[in-house]
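Please read the structure below before turning to the comments.
Labels below follow one simple rule: chain letters A, B, ... track the order of the sequence lines, proteins then strands, and each chain is numbered from 1. Being a predicted model, the structure only gives us computed values, none of them experimental.
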Amino acid sequence: MNDIFLSPYDPKKTEDKIYEIWLDSGFFNPDVCIEKGVTKKDAEHFSIVLPPPNATGTLHMGHAFEDTIQDVMIRYKRMTGKRTLWVPGTDHAATATHAKVEKMIQKEEGKNRHDLGKEEFVKRIEKFVEESRGTILNQLRKMGSSLDWSREAFTLDEKRNWVVKTIFKKMYDDGLIYRAYKVVNWDPKGQTTISDDEVEYEERKATMFTFKYSHDFPIAISTTRPETKVGDTAVAVHPTDERYKEYVGKTFEISDFAGEKLSIKVIADESVDPEFGTGALGVTPAHSQIDWEIAQRHNLPLKQVINEYARMTVNAPELKDKKTTEAREIVAQWLRDQKLMIKEEEISQNISIADRSKGIVEPLPKLQWFVSVNKEFTYPFDTLSNIKKGEKVTLKKLMMSVVENKNIEIIPDRFEKVYTNWITNLRDWCISRQIWYGHKIPVWYRKSAEEAENDEVYCGVEEPKEEGWTQDPDTLDTWFSSGTWTFSTLGWPDDTDDFKNYHPTTFMCPGYEILFFWVARMILMTTYAVGQIPFKTVYLHGMVRDLKGRKFSKSLDNGIDPIDMINQFGTDALRMSLTVGIGPGNDSKFDLAKVKAYKNFANKIWNITRFVLSNTENSPRCHLGLEKPETFSDKDSEYLKEFEELIRDVTADMESYRFYLAAEKLYHYVWHTFADKIIEESKTGAVGPYTLRYILENSLKLLHPFMPFITEEIWSHLPATPDKKLLMVTEWPK
RNA sequence: GGACGAUUAGCUCAGCUGGUUAGAGCACACGAUUCACAUUCGUGAGGUCACUGGUUCGAACCCAGUAUCGUCCACCA
């Protein structure tokens with residue numbers, strides 16, 4: 001027996017060394033596995049593309065959790081002989097990175113991005129991203145992740161940029177990407193548009209004002225934002241509302257409303273709720289999504305009164321350049337002074353917040369790029385089981401059908417409903433952003449004499465050759481590129497071996513919070529551009545929270561660094577604590593005691609090995625490796641049979657992605673059956689050395705996906721068996 | 001307003017398609033231990049499985065409803 005077993009297990013002496021051995025072996029790369037004969041060339045594939053962590057700093061406990069789940073599946077599948085590939089990568093995370101670096105520069109140098117200029121600012125971001133990537137990739141290694149580093153990708157590298165441009169052009173040519181002047185979500189703090197998904201809601205107290213525009217105006221309206229009312233062009237009532245019927249169709253000129261001239265047409269629209277407020281809605285087409293839609297239906301003029309900095313643009317001197325919050329009180333006071341105010345009441349309402357900057361979203365009309373989810377086009381592929389070549393489809397239909405028809409399995413399945421409900425209500429996706437870091441929109445304009453809307457437009461993967469074209473200054477929503485992740489990492493649009501061999505990928509493991517942002521977008525992009533599903537199974541994991549059930553956040557300062565945990569307890573202990581008993585879609589509370597318990601478990605395995613080796617290595621019945629005795633004692637037979645059952649159980653759990661149960665069973669078996677019963681009984685001679693060695697060796701195999709370091713370390717110290725090789729590529733027991 | 005989830009031991013949670021006396025870890029009590037391991041072992045206490053009704057030979061599990069907590073979506077101006 002190696003002397004190493006005489007002292008307690010020390011992860012620090014083991015983990016980095018073992019990871020180097022794995023790297024040197026090359027077995028993280030399936031090509032090497034095939035070359036060296038540990039995987040059959042024609043074996044079924046199992047592939048995962050790592051959800052790329054944002055290159056904005058360091059990995060947190062949620063990443064550690066996510067990485068563990070994936071590595072558990074990857075290691076298990078590799079051992080069962082699958083052609084197993086796990087592709088690493090990082091995400092440029094446009095908005096998040098942009099904001100983070102701008103904040104850092106502001107703090108350290110007191111400058112904003114405009115002080116630096118576009119070129120310099122983007123350079124600084126790239127430098128920051130490069131550093132973060134290094135940190136993140138290093139942390140992934142510490143977690144033991146068996147990622148194929150030779151295939152590493154970045155969402156903003158040249159290859160991925162090529163894919164993004166290719167798909168943008170394809171969608172543009174298909175009429176699925178269009179440019180339009182519409183009311184969008186504008187984030188005045190981040191100075192960019194954002195998509196509907198990036199809007200969060202926060203409940204706040206507000207005042208609901210009820211008033212009339214003028215004493216001559218017959219209808220009272222209610223609003224929480226009186227300052228926007230200087231931009232009203234209509235009042236809408238329900239068509240059946242008897243109270244206002246006589247006014248419908250009439251236009252009222254109001255010579256002075258808080259210093260502005262208004263022209264208000266009374267219209268009838270089904271969308272108005274006659275029960276709410278006065279039953280009449282002041283329509284502000286430029287500053288409300290819903291009002292914009294009403295205005296479209298009734299051909300109403302639009303009057304913008306607020307700018308990108310959330311300041312008033314009207315000419316009235318009391319309001320001009322005022323912040324909207326100031327203007328609100330000025331208009332309210334004017335209404336009171338004019339005796340036009342009818343009622344003021346405190347209500348609680350949801351206000352829209354930009355998820356990244358936390359700025360209050362200001363709906364503004366802007367000329368932006370959109371992906372149309374409801375426009376029909378002819379499907380060009382014959383590779384999806386439910387949609388035929390030549391069929392008329394929409395992006396929405398594509399996204400819906402592959403989930404409804406179970407081409408893609410979502411675990412836990414309750415999220416299927418959440419997904420389909422979201423798709424049903426999906427509106428066109430605003431994809432252009434006014435930030436500097438990200439994929440540039442592959443569109444060029446040539447000036448026309450008139451307004452921007454009439455510019456000549458060129459969309460292409462490469463810039464136009466002739467003179468006089470200017471590229472669109474905007475960048476793309478980061479999720480546009482993330483949506484291509486499963487196939488852009490595998491070489492598409494080229495007909496590469498990787499793409500043929502590993503796509504559709506088998507498994508995807510994101511948190512449920514990015515079901516819409518990312519999972520849905522991957523399904524959209526892949527079914528549209530490639531004619532395949534991106535993955536067969538999506539395993540949505542929950543969030544790791546602190547012991548009080550709160551999110552980990554900087555403001556609470558309750559973060560726990562996975563690397564600290566690794567240093568204290570070892571990676572294997574951390575991995576077990578993040579696996580056992582945490583089912584899909586469930587949030588978990590991170591408990592130090594649990595990590596400690598699995599550190600103890602690691603030591604238990606260590607000592608079991610010490611006992612088994614010292615009691616079997618000189619046993620005459622146990623020759624080199626494992627020579628099976630001719631007859632077994634009753635106890636031997638019983639325990640071996642019990643172990644077969646464990647193998648079957650654990651294997652079945654792994655096959656159906658119930659690794660959180662498999663890990664628990666193994667823990668319980670190894671400690672309370674193997675150590676406490678079988679080994680104790682072996683001391684009386686009732687259990688033979690073959691049984692001990694057999695159970696030890698096969699337990700190591702079963703535990704390896706969960707606790708790769710200690711199992712590989714112990715494996716390397718076992719007396720040689722005929723097919724001695726790394727545990728990570730040893731066959732899974734049957 | 002809509003959808004979904006949770007409610008099981010003091011705490012954190014398992015319990016996969018309904019099947020003996022409901023499980024684990026931590027914590028607790030008592031005891032053991034030079035002979036693999038004090039990062040140990042044994043024993044024990046501790047539960048109306050939120051509540052009400054129903055289906056069934058049988059319910060923590062299925063159905064209907066109630067309560068509390070939580071999440072997501074929509075958003076009324």
Side-chain angles (χ1 to χ4, degrees), chain A residues 1 5-9 196-197 199-201 203 206 208-210 221-226 228-229 232 235-236 271-284 287-291 294 347 349-352 412 414-422 424-427 512-513 515-516 542-543 545 547-549 569-570 573 576-577 580-583 585-615 649 652-653 656-658 660-665 667-668 671-672 675-677 679-680 682-683 692:
Chain A
M1 186 184 67
F5 291 109
L6 295 178
S7 40
Y9 175 61
D196 295 344
D197 309 289
V199 178
E200 288 176 348
Y201 296 94
E203 199 171 292
M208 176 76 85
F209 303 93
T210 302
I221 58 161
S222 297
T223 185
T224 53
R225 298 196 59 188
T228 65
K229 298 289 110 182
D232 281 13
V235 163
S271 68
V272 179
D273 178 1
E275 304 295 317
F276 186 86
T278 62
L281 163 66
V283 182
T284 322
H287 300 289
S288 153
Q289 196 102 21
I290 286 167
D291 293 7
I294 294 174
I347 58 154
Q349 68 162 10
N350 279 339
I351 60 157
S352 308
R414 61 187 151 93
F415 281 102
E416 276 173 25
K417 272 188 211 157
V418 179
Y419 175 87
T420 51
N421 180 53
W422 181 79
T424 309
N425 300 313
L426 190 59
R427 293 191 296 187
Y512 61 72
E513 74 278 6
L515 177 62
F516 308 137
M543 284 192 345
R545 296 167 177 275
L547 267 180
K548 292 176 184 160
F569 304 106
M576 277 299 271
S577 77
V580 173
I582 304 176
N586 288 345
D587 291 352
S588 58
K589 292 177 187 172
F590 187 82
D591 187 355
L592 218 69
K594 202 171 166 189
V595 193
K596 206 176 156 195
Y598 290 110
K599 182 186 161 69
N600 293 354
F601 180 53
N603 197 55
K604 188 75 184 178
I605 301 169
W606 195 250
N607 277 299
I608 287 170
T609 308
R610 175 175 168 184
F611 178 88
V612 171
L613 289 188
S614 64
N615 284 277
D649 250 27
D653 283 339
S656 37
Y657 300 115
R658 292 194 303 258
Y660 50 99
L661 294 182
E664 190 173 7
K665 278 175 192 161
Y667 168 82
H668 201 251
W671 198 314
H672 299 295
D676 292 347
K677 276 167 66 184
I679 286 184
E680 284 310 312
S682 80
K683 292 176 183 171
L692 292 180

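- Here B/G1 sits opposite B/C73 as a Watson-Crick or G-U wobble pair (both hydrogen-bonding atom distances under 3.5 Å).
- Both A/Tyr667 and A/Asp587 lie near RNA chain B, and the one whose nearest nucleotide falls closer to the 5' end is A/Asp587.
- A 3.5 Å limit on both hydrogen-bonding distances identifies B/U12 as the Watson-Crick or G-U partner of B/A24.
- Here B/G15 presents its P atom at 12 Å from CD1 of A/Ile582, a figure rounded to the nearest Å.
- Across all strands shown, B/G46 forms no Watson-Crick or G-U wobble pair with both key distances under 3.5 Å.
- Relative to the side chain of A/Arg427, the nucleotides B/A36, B/C75, B/G15 differ in distance, and B/C75 lies closest.
- Pairing of B/G19, defined by two Watson-Crick or G-U wobble distances under 3.5 Å, is identified with B/C57.
- Relative to the side chain of A/Asn607, the nucleotides B/C37, B/A77, B/A24 differ in distance, and B/C37 lies closest.
- Using a 4.0 Å heavy-atom distance criterion, A/Ala675 is classed as a base contact.
- Per the geometry, CZ belonging to A/Arg414 stands 15 Å off C1' belonging to B/C73, to the nearest Å.
- Contact check, A/Asn586 against B/G5: no side-chain N or O comes under 4.0 Å of OP1 or OP2.
- Side chain of A/Asp587 to backbone of A/Gly542: no donor-acceptor contact under 3.5 angstrom is found.
- The side chain of A/Lys596 contributes no N or O atom lying less than 4.0 Å from OP1 or OP2 of B/U39.
- Closest contact between the side chain of A/Glu664 and the listed nucleotides B/A77, B/A36, B/A24 involves B/A24.
- For the C1' atom pair drawn from B/U21 and B/C13, the interatomic distance equals 23 Å after rounding to whole Å.
- Residue A/Lys599 places no side-chain N or O under 4.0 Å from the OP1 or OP2 atom of B/U39.
- Considering only heavy atoms from C-beta on, A/Phe516 comes within 4.5 Å of A/Val418 through its side chain.
- Taking the C1' atoms as reference points, B/A22 lies 11 Å from B/A14, given to the whole Å.
- Between atom CE of residue A/Met576 and atom OH of residue A/Tyr667 there is a gap of 8.0 Å, rounded to the nearest 0.5 Å.
- The side chain of A/Ile679 approaches B/A36 more closely than any other nucleotide in the set B/C72, B/A36, B/U39.
- One can place CZ of A/Phe5 at 13 Å from C1' of B/C37, the figure rounded to the nearest angstrom.
- Picking from B/G25, B/A77, B/C75 the nucleotide with the shortest atom distance to the side chain of A/Asn350 gives B/C75.
- When rounded to the nearest whole Å, the span between CG of A/Leu6 and C1' of B/C37 equals 12 Å.
- Comparing B/C57 with B/G18, their P atoms sit 15 Å apart, to the nearest whole Å.
- Of the residues near RNA chain B, A/Asn603 and A/Glu275, the one whose nearest nucleotide (by heavy atom distance) lies more toward the 5' end is A/Asn603.
- In this structure, of B/C75, B/G42, B/A77, it is B/G42 that holds the atom nearest to the side chain of A/Asp676.
- Taking each heavy atom of A/Arg658 and A/Ala652 in turn, the nearest pair found is NH2-O, 4.3 Å.
- Across all strands shown, A/Gly277 has no heavy atoms under 4.0 Å from either base or sugar-phosphate atoms.
- Atom pair A/Leu515:CG and B/C73:P shows a separation of 10 Å (rounding to whole Å applied).
- For the pair A/Lys665 and B/C16, the criterion of a side-chain N or O lying under 4.0 Å from OP1 or OP2 is not met.
- Residue A/Asn421 places its side chain closer to B/C73 than to any other of B/C41, B/A77, B/C73.
- In this structure B/U68 sits in a base pair with B/A6, meeting the Watson-Crick or G-U test at under 3.5 Å.
- With contacts defined as side-chain heavy-atom distances shorter than 4.5 Å, the pair A/Lys683/A/Phe611 qualifies.
- When the nucleotides B/A77, B/U39, B/A36 are ranked by their closest atom to the side chain of A/Lys229, B/A77 comes out on top.
- Nucleotide B/U12 holds its C1' atom 17 Å from the OH atom of A/Tyr660, rounded to whole Å.
- Taking the C1' atoms as reference points, B/G65 lies 23 Å from B/G58, given to the whole Å.
- Comparing the C1' positions of B/C69 and B/G23 gives an interatomic distance of 25 Å, to the nearest angstrom.
- Remark: the separation of the C1' atoms in B/G19 and B/C72 is 37 Å, to the nearest Å.
- A close approach under 4.0 Å does not occur between any side-chain nitrogen or oxygen of A/His672 and OP1 or OP2 of B/C41.
- Counting distance only, with no hydrogens placed and no angle test, the side-chain atoms of A/Lys604 and the base atoms of B/C37 include a donor-acceptor pair under 3.5 Å.
- Nucleic acid contact class of A/Ile608 (heavy atoms, under 4.0 Å, all strands): base.
- Of the listed nucleotides (B/C4, B/C16, B/A77), B/A77 has the atom at the smallest distance from the side chain of A/Thr224.
- Distance from the side chain of A/Gln349 is smallest to B/A77 among B/A77, B/A36, B/C41.
- A/Phe569 places none of its side-chain heavy atoms less than 4.5 Å from the side chain of A/Tyr598.
- One C1' atom belongs to B/U20, the other to B/C26, and the distance between them is 29 Å to the nearest Å.
- To the nearest whole angstrom, the two C1' atoms, one in B/U8 and one in B/C51, are 14 Å apart.
- Nucleotide B/U34 forms a pair with no other nucleotide shown, judged by Watson-Crick or G-U wobble geometry with both contacts under 3.5 Å.
- Between A/Tyr201 and B/C75 there is a side-chain polar atom (N or O) within less than 4.0 angstrom of OP1 or OP2.
- For B/C16, its base sits under 3.5 Å from the side chain of A/Arg658 at one donor and acceptor pair at least.
- Proximity of A/Ile294 to A/Ser271: side-chain heavy atoms (C-beta onward) are separated by under 4.5 Å at one or more points.
- If you measure from atom OH of A/Tyr9 to atom C1' of B/A36, you get 18 Å, rounded to the nearest angstrom.
- The interatomic distance linking A/Lys594 (NZ) with B/C26 (P) rounds to 12 Å, in whole Å.
- No side-chain heavy atom of A/Ile221 sits under 4.5 Å from any side-chain heavy atom of A/Leu281.
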Apply side-chain contact (heavy atoms from CB on, under 4.5 Å) to the pair A/Ser352 and A/Tyr201, showing each step before the final yes or no. CA-CA 5 Å; A/Ser352 308; A/Tyr201 296 94; 3.6 Å; yes
